[in-house]
Visitor: 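Take a look at the following structure, please.
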Protein chains: 2
Amino acid sequence: MEAEKQPLRLRRIGIDTHQEPVAYLRQDCHVCKSEGFSVHSRIKIATENRSIIATIQFITNQLLTNQEIGLSEAAWQLLKADEGEQVHCSHAKPAESFACVKSKLAGKSFEESSVFEVMHDICLGHYPDIQLATYLAACSGTHLSPPEVLAITKAMVNSGQRIDWNIPQVLDKHCVGGVPGNRTSPLVVAIVAAAGLTMPKTSSRAITSPAGTVDTMEVMTPVNLSLEQIRQVVEQENGCLVWGGSVSLCPADDILLRVQRALNLDSEGQMVASVLAKKIAAGSSHVLIDIPIGPTAKIKNQSAAFRLQRLLVATGEALGIEVTAMTSDGNQPIGFGIGPALEAKDVLAVLRCDPDAPIELAQRALIIAGKLLEIGSKADEGEGYRLAQKILNSGAAEKKFMAICEAQGGFTEPPVANNVYEVTASHNGIITYIDNRFIARLAHFVGAPVVKTAGLEMQVKLGDQVVSGQPLFTLHAEAKGELNYALEFLQQHPDAIRIEETWL
Amino acid sequence: MEAEKQPLRLRRIGIDTHQEPVAYLRQDCHVCKSEGFSVHSRIKIATENRSIIATIQFITNQLLTNQEIGLSEAAWQLLKADEGEQVHCSHAKPAESFACVKSKLAGKSFEESSVFEVMHDICLGHYPDIQLATYLAACSGTHLSPPEVLAITKAMVNSGQRIDWNIPQVLDKHCVGGVPGNRTSPLVVAIVAAAGLTMPKTSSRAITSPAGTVDTMEVMTPVNLSLEQIRQVVEQENGCLVWGGSVSLCPADDILLRVQRALNLDSEGQMVASVLAKKIAAGSSHVLIDIPIGPTAKIKNQSAAFRLQRLLVATGEALGIEVTAMTSDGNQPIGFGIGPALEAKDVLAVLRCDPDAPIELAQRALIIAGKLLEIGSKADEGEGYRLAQKILNSGAAEKKFMAICEAQGGFTEPPVANNVYEVTASHNGIITYIDNRFIARLAHFVGAPVVKTAGLEMQVKLGDQVVSGQPLFTLHAEAKGELNYALEFLQQHPDAIRIEETWL
C-alpha cells in the first residue's frame, strides 16, 4: 500500500488512557488522507519488528504535526519503541472473532475454536474496550454452559505462559470473594509453607472488592516478580504471594478483568474460567476454593453455591486439576480492616498472635490451611485445623511470612492514612444487618484499592449490642474530598448497617 | 467540599474522542489530590450555570499545568464554556441506574421506571462507552419482551423534544435496512408531499449500512436544521428530509446509535424502540415500515419478519401511532449506487425520469408512496401505485424534491470520487448470489458513509448472465489506501458474488 511507504514519527503524547491503546493523529496527515481513517477506526502501527493495534482519536490543533503519530501510555508500553522512531501505519483488519460474541448474544453457543480466536484477539489487543464490555455482557450471569466454561478456561490457559514446578503436588487456594476484609491467603500460605508443602500463590488485583491479596501484599513487600524470581522464592521458602499478571500467566484474563472492574459486572462462568485458568497456568495440582454465602456476598444462597461448586469441580476435573470447594459464612465483613494497608495490619496481628487480632479472620485461615494440610497429607482427616493452629501459635507462620517477604524483596510495615473519621451509632440497639456491598463501596469512595492506606476499620459485628454514640467503624482516607464524598454516600444509605432497638 | 473551593482553568485540549466526554488532568493537581481520582473515575465539571460528567484520563507530562483541566471535543461541546474559564470539579456520583442493566443481564426484566432512569442517565452523559456497550448487549438479539420494548420506547420519547404539528395526519416511513442502496425515502417524500400530504421525514445517519437517508441527503442539501427551520420547510412544502439528531428528538437513541454503530450490534427490541420513538417524537400519526427479507439482509426469513411486524404494530398501538408493516425482497442491493453520493445520483436519476435510472429503486419507492397515498386517502385501496407513478412521471415529484432542497438551504449536485476501480467477472456464468453484508463492508472499506463520494456502483443483478471480464461493479474512493484495502478484502471473499457456470 502507498501509505506504508511514508512513515510517521512516534511521539509519546503523555496521556494515560488506562488500558486501551490509543493513537493520536492529525486528520490532515498523509496517512489519514491515503488510508481514510475515521474516529472509530482501528490502526495498525508497525516498527521494524513489532506492531500493535490502537483506536484512533484525532488531534484538532497543533499538539502534533501532520508528520507525527502520538501514542497513549498503554500503546507506548505495548509497542516498546523510541521517541521519534519511524512507524508505518495501515488500517487494522477488524477482529473477525467478534462475530462469535455477537452470535453468542443472539443465542448461539460458543464453539471451542471460536473461543480460542476470541482470546487470541483479546491478547493481541485487537478488542477495543466497548468490544471487551460486550464480550463480558455475553458471558455474564449464568449465560455460559459447562462446555463453554471449559472452552473459555482452556483458551485462557492457552493465552499465556504456564509454569511447571516439576513436583507432583502444588497447593493453591482461592476465595470467590464478595466479603470485605476476607484476607486469609497470606496467613494460609505462611502456615502451609511452614509445614513444608509447596504453595506458590499468584493472585489478581481487586476486581470489585476494596482490596485483593496482591493489593494487600503490595503494602508490605514487592509483588511484581519475574517468573525466575518467583521460582527462586518458592524453591527457598516453599511459598510466595505475588501478582500473577507480571508473569503473563493469563494475559487475556488480565485484560478482561480491568474492564470487568470498571463495569463491576459478575459472571459465574467467566469467574470459574478466570479462577481455574489462573490456577492451571500457575501449575497448581490441588486447589481449595472458598465460597462465602450471604445476602450481600457474591454468592447469595446455598443453591447458587452448589451450582458454582459443581461447575468448579467438573471443569477442574476435565482439565486435570483437583478442585475442592467449601462454603463459608458471608453475612458480614471478616476481620477489622477493609482496604490494602488496613487488611495488612490485620494479617500481621494474626501472625504475631496479637491478643487484639481479629479472631474470625484467624479461624477462617486455620480452617482453609487445615484442609490444605490434610490434602497435602501432613495431617489426618479432621486433624488439619489443630496442626495449622499449632504452626500459627508457635510463631513458625510469622517467621515463614517474613522469610517470604524478605525473599520477594524485603518487608515494610503498612502505612497509615492522613485522615480518619469515626462513624457512630445513632441509637441504642443490636446490629442485625451489615451490607457487604455498601462497606465495599464506602471503601472505594475513600480511595481503596488505589490509595493503599484508604478503607475502613469495622468496630462492630452482627449481634453486637451498641449504645447511641458508640463507634461503628472508622473511615481512613488520604484526601479530604474522598472522605467527604464517602460521608455523603453514607448519609444516603442509613440502612446499610441496621441497628434494631432491643426488645428486652 | 474543600476541592470545590479551588477551581481549575479550562483548556480545550484539541482531541476528538468521538463521543465520550473525556477530562484530562495532571495527577499532581490539587483536585486529584483532594478528591482522589483514579484513571477510571468519572468527574463532574461545573461552571456557574452548567455541569457535565466526563471520564478522567491523566496527563503524564507538561501538556497541562496542575492548575488546568483539559476537555475533549465532545466534553467541550457539552459544557459550552470558554477557554480559560474557571470550573469546579468533584467526584461524579456513579449512575445508580446501571444496576438495572446488570439485573437485566442476570435474567431479570426491565421495569418501566428503571428504564426511564437508564435513559435519563444516558442523556445526561452519565454512561461511559463501556456501560453503553453493556446496555446494548443486554438488549441485543431477542432479549427484550414486548412490555420492555414498550417501556424503552416510552423512555426514549420522553428523553427529548416532541414535535406537535397541529394537524390530524402526519405520514412517515421507515425501512429496517440491511439492503445496500435502498434509498427510497427522498423519492417517497417527494411524491407524497407533491400529492398534498404532510410527510416531515427526520432520519438517522447510517448505523451499520454504507449510507443512511441523512448521509445521502447531505450531499445535496443541508440536513442539520433547527426545529423552527423544519417547521418552516414543512409548512411551505408539506415535507422535509432532515437529520433528527439536530433537533434533539431522541437524544438517548442518538447516543446509543453511535456505540451500536461501532459494535455493529443489532437488537430486535432496541430497533423497534429506536424506530418508533423517533417517529412518535417527530409527531407522526401514521407510519409505514418496510421490512426487506433475505439471507444477508437484517431480517433473514418470514418468521423473523412476522415477529418484528407484530412487535412494531403492537408497540405502536399501545403508544397511539398507527403502524403498517410491509415486507419486501431483500436478496440483493437495490439501485446501482451504494454510498452517500452514489445513492444521491440514483435518486436524482429516478426523479428526472432518466431512461438509465435504476428501475427496482423506482418501483420500490412507488409501492411505498402508493401505500402512503392510500393511508392518506388520496387514492383508493389498490390505486396508490398508479397515482404515485403519475406524480413521478409528470415531473411533480422532481419539482417538489428541488423545492424541499431549496427550502432546506439550497441544492447541490452530488460530487464524484477521485479514484474508481472496476471489478470484473472471473468466468462465464449466471449471478446466483450477492452478499449484502459483503457489499456493505466493501463500501465501508472505501470510506462510506464518512467519505461522501465513496462506495460502489453495481453493474449486475441476480439472474444476470455474465461473461469473463464483464464488469460486476465499480469501486469509488477518495484515497488509494482505502481502495487497496477494499481490494484486499475482496480477494479474501471470492464467494461474496457467486457466478455459477451455465448448465445449458
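Chain letters run A, B, ... following the sequence lines, proteins first and then strands; every chain starts at 1.
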Visitor: Hey, is CZ on B/Phe438 packed in by over 12 heavy atoms from elsewhere, all under 6.0 Å?
Guide: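 Result for CZ/B/Phe438: enclosed.
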Visitor: Less than 4.5 Å to any heavy atom of chain B: does that hold for the side chain of A/Ile15, its backbone, both, or neither?
Guide: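 Both backbone and side chain of A/Ile15 come within 4.5 Å of chain B.
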Visitor: Apply salt bridge (Lys or Arg N to Asp or Glu O under 4.0 Å) to the pair A/Arg12 and A/Glu73, showing each step before the final yes or no.
Guide: CA-CA 7 Å; A/Arg12 183 177 183 169; A/Glu73 291 298 286; 2.7 Å; yes
Visitor: Between chain A and each of B/Ala106, B/Ala138, B/Ser140, count heavy-atom pairs under 4.5 Å; write down the option with the most.
Guide: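 If we count pairs closer than 4.5 Å to chain A, B/Ser140 comes out on top.
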Visitor: When heavy-atom pairs shorter than 4.5 Å are enumerated against chain B, which of A/Val101, A/Leu132, A/Ile59, A/Leu105 gives the highest number?
Guide: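 Among the listed options, the one with the most contacts to chain B is A/Leu105.
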Visitor: Less than 4.5 Å to any heavy atom of chain A: does that hold for the side chain of B/Gln492, its backbone, both, or neither?
Guide: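 Looking at B/Gln492, just its side chain touches chain A.
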Visitor: Is it true that a side-chain atom of A/Thr296 and a backbone atom of A/Asp435 form a donor plus acceptor pair closer than 3.5 Å?
Guide: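 Not a single qualifying donor-acceptor pair exists.
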Visitor: Verify the neighbour count for atom NZ of A/Lys108: are there more than 12 heavy atoms of other residues, nucleotides or ligands below 6.0 Å?
Guide: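 No, because the 6.0 Å sphere around NZ of A/Lys108 holds 12 heavy atoms or fewer from other groups.
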Visitor: Are A/Tyr135 and A/Gln270 close enough, and set up right, to give a side chain to side chain donor-acceptor pair (under 3.5 Å), and what steps lead you there?
Guide: CA-CA 10 Å; A/Tyr135 169 80; A/Gln270 186 63 35; 3.2 Å; yes
Visitor: Against chain B, label A/Phe98 side chain, backbone, both or neither, depending on which of its atoms sit under 4.5 Å from a heavy atom there.
Guide: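 Side chain only.
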Visitor: What residue, out of A/Leu263, A/Leu136, A/Val22, A/Ile13, has the most heavy-atom pairs lying under 4.5 Å from chain B?
Guide: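 Most heavy-atom pairs within the cutoff with chain B belong to A/Leu263.
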